There are 2 protein chains.
Amino acid sequence: MSKSPNGKSRASGRVTLASVAEHAGVATMTASRAISQPELVSPLLRERVEKAVEELGYVPNRAARALASSKSNVIVVLVPSLSNTVFTAVLQGIQDALDPHGYQILIGNTRYSDAEEEKLLNVYMQSNPDGILLSGLSHSKAVQKMLDTSRVPVVSMMDLSADPQQLSVGFSQTQAGHTMTRYLIDKGYKRIGFMAAQLDERTIKRAEGYRKAMDEAGLADPRLELMVADPSTIALGAELVGRMLSLVPDMDAIFCCNDDLAHGAIFQCQRRGISVPRQLAICGFNDLPASAWMNPSVTTIATPRYRVGYESATLLRSVIRGEAPAHTHVDLGFTVMARESA
Amino acid sequence: MSKSPNGKSRASGRVTLASVAEHAGVATMTASRAISQPELVSPLLRERVEKAVEELGYVPNRAARALASSKSNVIVVLVPSLSNTVFTAVLQGIQDALDPHGYQILIGNTRYSDAEEEKLLNVYMQSNPDGILLSGLSHSKAVQKMLDTSRVPVVSMMDLSADPQQLSVGFSQTQAGHTMTRYLIDKGYKRIGFMAAQLDERTIKRAEGYRKAMDEAGLADPRLELMVADPSTIALGAELVGRMLSLVPDMDAIFCCNDDLAHGAIFQCQRRGISVPRQLAICGFNDLPASAWMNPSVTTIATPRYRVGYESATLLRSVIRGEAPAHTHVDLGFTVMARESA
DNA sequence: CTGAAAGCGCTTACAG
DNA sequence: CTGAAAGCGCTTACAG
């Protein structure tokens with residue numbers, strides 16, 4: 001069938017563009033054009049190439065294309081977690097925005113670790129990405145340096161940057177924390193606890209918003225805060241609510257830094273016969289699907305995670321195309337979901 | 001610093017292996033070896049190369065490596081969903097098994113669609129993957145053909161194949177469905193409904209297991225089944241439990257094909273004042289974290305999803321290395337979690 | 001242990 | 001609209 005390669009050949013045995021061209025009776029580069037920029041090729045030749053592609057079952061070699069064009073069509077996405085629904089929704093948005101444009105998405109899970117982020121980025125830089133989507137605003141020195149020297153466009157997701165040079169898409173975590181706290185204060189709660197885990201950048205900022213609101217209302221009391229570095233889980237929320245109540249028995253509300261903790265806290269209250277919100281109000285953050293359905297339904301803050309992904313990817317695409325972005329910071333906002341639990 | 005390229009150059013400006021070699025005063029291929037197979041290079045030269053890499057900030061070009069070696073070090077993973085915790089756990093297992101070995105994982109989300117799976121695979125084949133991890137046993141003709149002609153090693157995840165040629169890691173979905181149903185029958189329930197959504201391959205098999213158990217017990221009744229193609233959500237479970245009860249008022253138990261549906265069904269019962277399990281027993285499938293904490297806690301089947309990912313990837317690695325696998329089917333089993341709801 | 005040359009499979013200026 | 005040649009940045013037999 002095909003000509004036998006010489007003894008030194010390292011050919012992979014796959015169908016190549018050259019064989020497609022030969023089959024179609026055109027030059028290799030005409031075949032290349034017919035595939036990548038068909039509008040530049042006459043209908044006749046284009047059709048012959050397309051036929052050859054079909055008949056031979058040609059699959060382009062992405063590595064060769066990337067090497068020759070020095071465009072990888074790869075977008076690197078780094079998220080801190082895959083088990084957290086928030087970030088899988090972000091990924092969905094990214095995929096939806098990028099898939100139609102032929103990008104290949106490299107997803108890295110940093111597990112909330114700066115060291116891991118650095119390691120992943122190091123590896124992914126080998127793929128010569130056209131753009132990078134990062135979670136959060138603050139990164140290690142080494143990561144910053146890699147990013148700076150590579151000159152690859154970067155968009156930061158989930159929060160809004162104060163630095164005009166840093167493109168960011170999300171909403172103000174601090175403000176969201178403040179708003180939720182303010183909601184509780186306005187409802188008349190006085191001894192409002194703050195329960196946090198993981199202690200990532202966003203949690204810290206929500207805590208700042210909480211403190212500011214408590215300060216403003218003259219309700220601040222450091223003993224009302226319980227912040228632990230363990231991963232956020234339902235089980236942890238169940239545990240922490242017990243600790244908080246025993247530390248501060250007159251607590252009348254708890255702002256959980258995310259819904260998982262809030263769910264665990266509510267389940268625990270149910271088991272202990274503590275009425276929510278009558279004896280203890282509990283609210284969360286993120287508006288996971290269960291929050292609307294639990295009993296009591298959970299007061300929380302709905303966050304535009306899918307849109308964060310979608311808009312981040314869209315902004316990144318425009319930068320890659322060399323366009324000057326209309327806005328360097330895209331504020332997608334958030335919404336208080338007032339329900340039964342607080 | 002570096003020699004200026006001639007006018008026709010398309011050089012990317014990145015530091016190359018050649019410049020590292022020059023800097024270290026060795027041949028390019030010695031520099032290559034010092035990086036990829038350091039044990040073949042004398043300590044002296046190796047050190048000089050390492051120093052040059054460090055000083056120049058060299059980042060290998062993965063595309064060039066892939067092209068030259070015809071080894072991509074890419075593993076393609078196709079899962080039907082990213083919002084389903086089950087598959088994110090599978091992905092975690094895969095990452096943990098593969099990351100230490102320098103593989104790059106390409107994650108594709110098929111959204112439970114054969115057409116989408118085909119499209120994704122088509123694109124991902126351009127990356128010349130060393131191996132492929134697929135969810136489920138049955139795939140479209142087009143996908144089968146791509147797989148066959150490419151000769152790339154494939155491992156199927158989540159279920160056990162009857163075909164000895166097809167490598168699979170998981171557990172018997174049919175048997176798990178049978179076991180859960182049998183558990184309910186043994187508990188004395190007679191009018192046991194089956195609530196299913198999505199209707200993917202695994203759901204269908206669990207339904208088969210359910211039917212078999214009901215048949216064996218002489219309890220079969222087609223009216224007990226409610227199967228809809230919508231995605232599984234808490235909201236859907238809440239809706240379907242109402243429909244099932246109005247269709248078959250004397251239903252005394254419901255086997256939900258996954259935990260999301262079960263949670264929704266339980267929340268709905270709480271709202272309607274239907275006591276679970278006293279008036280209606282409800283059980284789920286997968287043992288999501290909330291199942292242990294809800295009130296009532298949810299009887300369900302714990303599935304080894306993380307291990308499915310980990311063991312699938314491990315099996316794939318061994319095949320890629322050319323080893324004959326000890327077992328073509330790895331049965332990871334499942335566990336009934338008997339709790340309060342059934 | 002080290003190296004010169006060829007080659008992997010594409011695309012890119014350039015010319016016609 | 002079409003094409004011959006060079007080049008992208010690596011690794012691979014092969015030889016010494």
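Treat the numbers as computed from the prediction; the structure is a model and nothing was measured. To find a chain, count down the sequence lines: A is the first, B the second, and so on, and within it residues start at 1. Just so you know, these numbers use all the heavy atoms, side chains as well, and skip hydrogens, waters and symmetry mates.
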Please list all pairs passing the salt bridge (charged side-chain N to carboxylate O under 4.0 Å, His left out) test where one or both residues lie in residues 63-74 of chain A, with sequence neighbours left out. A:Lys71-A:Asp130

Expressed as a whole number of angstroms, how long is the span from B:Met29:CE to C:dT2:C1'? 7 Å

Per the under-4.0 Å heavy-atom filter, residues of residues 30-43 of chain B near DNA chain C come out as B:Thr30, B:Arg33, B:Leu40, B:Val41, B:Ser42

Separation of C:dG9 P from B:Arg62 CZ (nearest whole Å): 19 Å

Test of understanding: with salt bridge (charged side-chain N to carboxylate O under 4.0 Å, His left out), list the residues that count as partners of B:Arg321, not counting sequence neighbours. B:Glu323

In whole angstrom, what separates B:Arg65's CZ from C:dG7's C1'? 17 Å

Between D:dC10 atom P and A:Leu67 atom CG, what is the distance in whole Å? 9 Å

With sequence neighbours excluded, tell me which residues meet side chain to side chain contact (heavy atoms under 4.5 Å, CB included) with B:Asn109. A:Gln92, A:Gln95, B:Leu82, B:Arg111

Nearest-neighbour nucleotide for the A:Ala64 side chain, D:dT11, D:dG9, C:dC10 considered: C:dC10

Could you state the atom-to-atom distance from CG of B:Asn128 to P of C:dC10 in whole Å? 10 Å

Any side chain to side chain donor-acceptor pair (under 3.5 Å) pairs touching residues 150-165 of chain B, not counting sequence neighbours? B:Ser156-B:Gln166, B:Asp159-B:Lys205, B:Ser161-B:Gln166

Taking C-beta and beyond as the side chain, do B:Ile75 and B:Leu106 meet within less than 4.5 Å on heavy atoms? no

Just to verify, what does A:Lys145 make a salt bridge (charged side-chain N to carboxylate O under 4.0 Å, His left out) with, not counting sequence neighbours? none

Under the 3.5 Å Watson-Crick or G-U criterion, the dot-bracket string of DNA chain C, with | for inter-strand pairs: |||.||||||||.|||

Residue B:Leu45, side-chain heavy atoms: nucleotide from C:dT12, D:dT11, C:dT2 that is nearest: C:dT2

Pairs in or reaching into residues 38-54 of chain B: which pass salt bridge (charged side-chain N to carboxylate O under 4.0 Å, His left out), with residues at least two apart or in two chains? B:Lys51-B:Glu55

Using whole Å, report how far CG of B:Asn73 lies from P of D:dT11. 11 Å

Taken to the nearest whole Å, CD/B:Gln126 to P/C:dC10 is 10 Å

Any donor-acceptor N/O pair, B:Gln126 side chain to A:Val59 backbone, under 3.5 Å: no

Mind calculating the distance between OH (B:Tyr58) and C1' (D:dG9) to the nearest angstrom? 7 Å

Give the table of side-chain donor-acceptor pairs shorter than 3.5 Å for residues 31-38 of chain B, with sequence neighbours excluded, one pair per line with atom names and distance.
{"from": "B:Ser36", "atom 1": "OG", "to": "B:Ser32", "atom 2": "O", "distance (Å)": "3.4"}

Counting heavy atoms from C-beta on, name the nucleotide in C:dG7, C:dC10, C:dA4 closest to the side chain of B:Ala68. C:dG7

